[in-house]
Amino acid sequence: MSMLNVGRPTQPQAGASVAVSSLTGARGLMQDEALIFELGGWDKTGVDLEPAELDASDLAGLTRTAPIGLPGLSEPETVRHYVRLSQKNHAIDLALYPLGSCTMKHNPRLNEKAARLPGFADLHPLAPVSTTQGALELMDSLAHWLKTLTAMPAVALSPKAGAHGELCGLLTIKAAHEAKGQGHRRTVLVPTSAHGTNPATAAFVGYDVTEIAQTPDGRVDLTDLAAKLSPDVAAIMVTNPNTCGLFERDIIEIAKLTHAAGAYFYCDGANFNAIVGRVRPGDLGVDAMHINLHKTFSTPHGGGGPGAGPVVLSEALAPFAPAPWVVSGPEGFKLVEDCVDEAAQGFGRMVAFQGQMGMFVRAYAYMLSHGSDGLRQVAEDAVLNANYIKARLSGAMSPAFPDGPCMHEALFDDAWLEGTGVTTLDFAKAMIDEGFHPMTMYFPLVVHGAMLIEPTETESKQELDRFCDALLALAEAAKAGDADRFKGAPYLAPMRRLDETLAARKPKLTWRPEPTTVAPAPLAAE
């Protein structure tokens with residue numbers, strides 16, 4: 001049965017392509033949307049009260065004396081505003097999200113359903129322990145999985161994010177040194193390829209940061225490390241796999257050198273997604289490591305409220321873990337709020353409560369649905385996908401470290417763009433026109449014009465091929481001299497390219513009404 005199409009053809013007719021701009025600013029079904037403050041409605045409200053009903057005697061002097069400063073939009077206007085804004089955002093539910101070192105992978109809806117169960121979603125942090133046994137048991141089970149997967153005897157669940165976990169780990173290390181009378185250790189060693197939060201966190205704690213050089217093949221330079229280890233060094237912070245997408249081959253030797261100097265080994269676990277189920281950091285000599293639950297265990301990455309960055313600790317650092325922690329006994333589960341053991345010398349608390357329950361539930365649901373063998377496959381598939389992208393793109397783009405396989409992310413430099421007039425930024429902006437979020441640009445800083453691509457394990461070969469086909473087509477266009485395609489990109493996004501320098505230096509973050517021009521009063525007649 002064919003569709004009646006008299007007077008309304010069901011497919012575009014052949015003909016010349018014509019660039020059409022609308023008269024309203026909307027682009028087809030993509031509505032042009034102003035700021036909510038610019039939508040009007042300042043003189044209306046969602047509730048109409050008769051003057052006789054405006055009795056504010058029970059407000060005890062709290063009656064509003066000035067406008068609230070918000071537009072009075074109706075419910076349909078408000079809902080449409082935010083739906084239109086959501087349509088302007090890229091999302092993991094739209095297409096591959098290749099941000100390197102960020103592990104932007106699919107969040108299974110099963111996890112979301114579990115986190116919305118009333119017993120977890122409606123839990124109050126001050127609820128009596130007797131009414132929260134299920135939640136405490138889940139936290140205890142999550143801690144068990146994290147300790148088992150890392151071969152570490154203790155874990156602090158309270159840190160809210162990766163950088164917060166770094167803070168927790170360094171404060172634990174500081175407390176351990178001070179307990180041994182080693183408070184004079186004021187230096188933290190950080191490789192040049194480290195995440196930017198590593199030196200920032202060390203400086204925040206009060207440490208001096210010394211940089212460790214990198215070898216030509218993208219790993220920590222052991223000679224430089226050995227030369228900079230001294231009695232003043234408190235710790236080394238190493239990301240493994242590192243930000244170049246490579247496994248630190250000498251990781252055990254790094255740990256041995258660090259421990260021989262009396263320092264602790266902090267591992268940035270942001271890239272645990274590449275080795276979970278395959279390598280246990282505790283077996284490598286790691287003393288502390290944060291785990292981004294939103295990366296490895298698929299809790300929402302931002303947007304979903306506070307995150308979670310638990311920190312696993314070695315036997316040497318376990319006594320200095322921050323309170324609180326979960327313990328089980330004959331009467332069930334309870335939270336230890338204070339250091340009841342005289343030998344415990346933790347640095348105190350990091351946050352008011354234990355952590356983010358919604359993230360704990362999602363991560364634990366992810367673990368249970370995968371099992372130990374499934375988590376191992378997560379790492380294997382993440383590495384396989386990254387190497388597939390590296391293999392497909394290497395003929396047209398230049399890998400930063402061409403020799404050997406990568407881990408969870410493929411890193412390219414901009415050498416292949418030389419002479420084209422196209423920069424890394426131009427190429428990334430053109431990706432938006434093809435329907436893809438750009439990869440991480442210009443990071444790590446040790447690679448010129450870096451393009452860091454992480455596909456994660458949740459992408460199918462079909463989607464990887466769609467992504468690679470788009471990048472190969474763009475690479476061909478760049479080499480063919482089609483610079484106009486790149487210099488003005490993106491052309492098809494809701495907004496064109498911004499002045500990124502001005503946006504960073506002079507951000508306009510607060511809306512204010514435009515000043516109104518008041519006509520001068522007429523002069524009085526003399």
Side-chain angles (χ1 to χ4, degrees), residues 134-162 164-166 168-173 175-176 240 251-252 255 264-299 307-329 332-336 339 341 343-344 346-347 350-351 354-357 359-376 378-379:
L136 294 177
E137 182 178 359
L138 184 146
M139 291 162 61
D140 186 66
S141 298
L142 173 64
H144 170 75
W145 274 79
L146 294 175
K147 290 185 290 185
T148 301
L149 289 168
T150 58
M152 303 282 258
V155 60
L157 293 178
S158 54
K160 303 287 190 182
H164 203 209
E166 293 173 20
C168 174
L170 287 188
L171 288 176
T172 304
I173 288 171
N240 192 38
I251 191 72
I252 293 179
Y264 291 103
F265 185 179
Y266 186 93
C267 182
D268 184 317
N271 299 332
F272 192 44
N273 194 67
I275 60 173
V276 61
R278 295 278 306 189
V279 178
R280 302 189 306 176
D283 297 336
L284 305 178
V286 171
D287 291 301
M289 184 182 85
H290 74 264
I291 302 172
N292 303 67
L293 296 189
H294 61 270
K295 294 186 175 186
T296 304
F297 301 110
S298 195
T299 67
V311 177
V312 288
L313 301 167
S314 67
E315 185 175 352
L317 292 181
F320 304 94
W325 57 83
V326 180
V327 296
S328 60
F333 295 90
K334 66 176 183 179
L335 277 174
V336 176
C339 297
D341 183 356
F347 62 83
M350 290 205 71
V351 294
Q354 175 63 16
Q356 221 286 30
M357 196 67 213
M359 300 304 166
F360 295 161
V361 176
R362 290 175 174 91
Y364 187 54
Y366 187 80
M367 293 172 176
L368 290 183
S369 62
H370 280 75
S372 58
D373 58 334
L375 290 178
R376 179 187 178 97
V378 162

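Computed from a predicted model, the values in this text were never measured in an experiment.
Distance check, rounded to the nearest 0.5 Å: CD1 of I252 to CG of L284 gives 5.5 Å. Rounding to the nearest 0.5 Å places CD1 of I275 at 6.0 Å from CG of N240. From H164, atom NE2 reaches atom CE of M350 across 3.5 Å, with rounding to the nearest 0.5 Å. The CE atom of M359 sits 10.5 Å away from the OG atom of S298 when rounded to the nearest 0.5 Å. To the nearest 0.5 Å, the span separating CG on L170 from OH on Y266 amounts to 7.0 Å. Rounding to the nearest 0.5 Å gives a distance of 11.0 Å between CE of M139 and CZ of F333.
Residues C267 and P281 fail the side-chain proximity criterion, which asks for heavy atoms closer than 4.5 Å. In this structure, the side chains of D140 and H144 stay at 4.5 Å or more apart for every pair of heavy atoms. Counting heavy atoms from C-beta on, the side chains of R362 and H294 never come closer than 4.5 Å. F360 places a side-chain heavy atom less than 4.5 Å from the side chain of L293. No side-chain heavy atom of Q354 sits less than 4.5 Å from a side-chain heavy atom of L136. Residues L142 and L146 are in side-chain contact: their nearest non-hydrogen atoms beyond the backbone lie under 4.5 Å apart. The shortest side-chain heavy-atom distance between H290 and D268 falls under the 4.5 Å cut-off.
Closest approach of R280 to T148, counting heavy atoms only: CD-O, 3.8 Å. Between P310 and A308, the shortest heavy-atom distance links the atoms CD-C, 3.5 Å. Closest approach of R376 and G277 over heavy atoms only: NH1-O, 3.5 Å. Nearest approach of V311 to G165, heavy atoms of both residues: CG2-O, 3.3 Å. Heavy atoms only, all atoms of each residue included: W145 and S372 are closest at CH2-N, 4.1 Å. Of all non-hydrogen atoms in F347 and C168, the two that sit nearest each other are CE2-O, 3.7 Å.
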Verdict with reasoning, D287 to I173, per side-chain contact (heavy atoms from CB on, under 4.5 Å)
CA-CA 9 Å; D287 291 301; I173 288 171; 5.8 Å; no
V155 and L313: CA distance, side-chain angles, deciding distance, side-chain contact (heavy atoms from CB on, under 4.5 Å) verdict
CA-CA 6 Å; V155 60; L313 301 167; over 6 Å; no
Can Y264 and T172 be said to form a side-chain contact (heavy atoms from CB on, under 4.5 Å), step by step?
CA-CA 10 Å; Y264 291 103; T172 304; over 6 Å; no
Go through the steps for W325 and L157 under the test side-chain contact (heavy atoms from CB on, under 4.5 Å), then give the verdict.
CA-CA 8 Å; W325 57 83; L157 293 178; over 6 Å; no
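For K147, the NZ atom is densely surrounded, since the number of other residues' heavy atoms within 6.0 Å is greater than 12.
Between the side chain of K160 and the backbone N or O of G355 there is at least one donor-acceptor pair closer than 3.5 Å.
Partners of H370 by ring-ring contact (aromatic ring centres under 6.0 Å, His included), not counting sequence neighbours, listed by chain and number: Y366.
Residue L149 forms a side-chain contact (heavy atoms from CB on, under 4.5 Å) with just one option from V279, I291, V276, and that option is V276.
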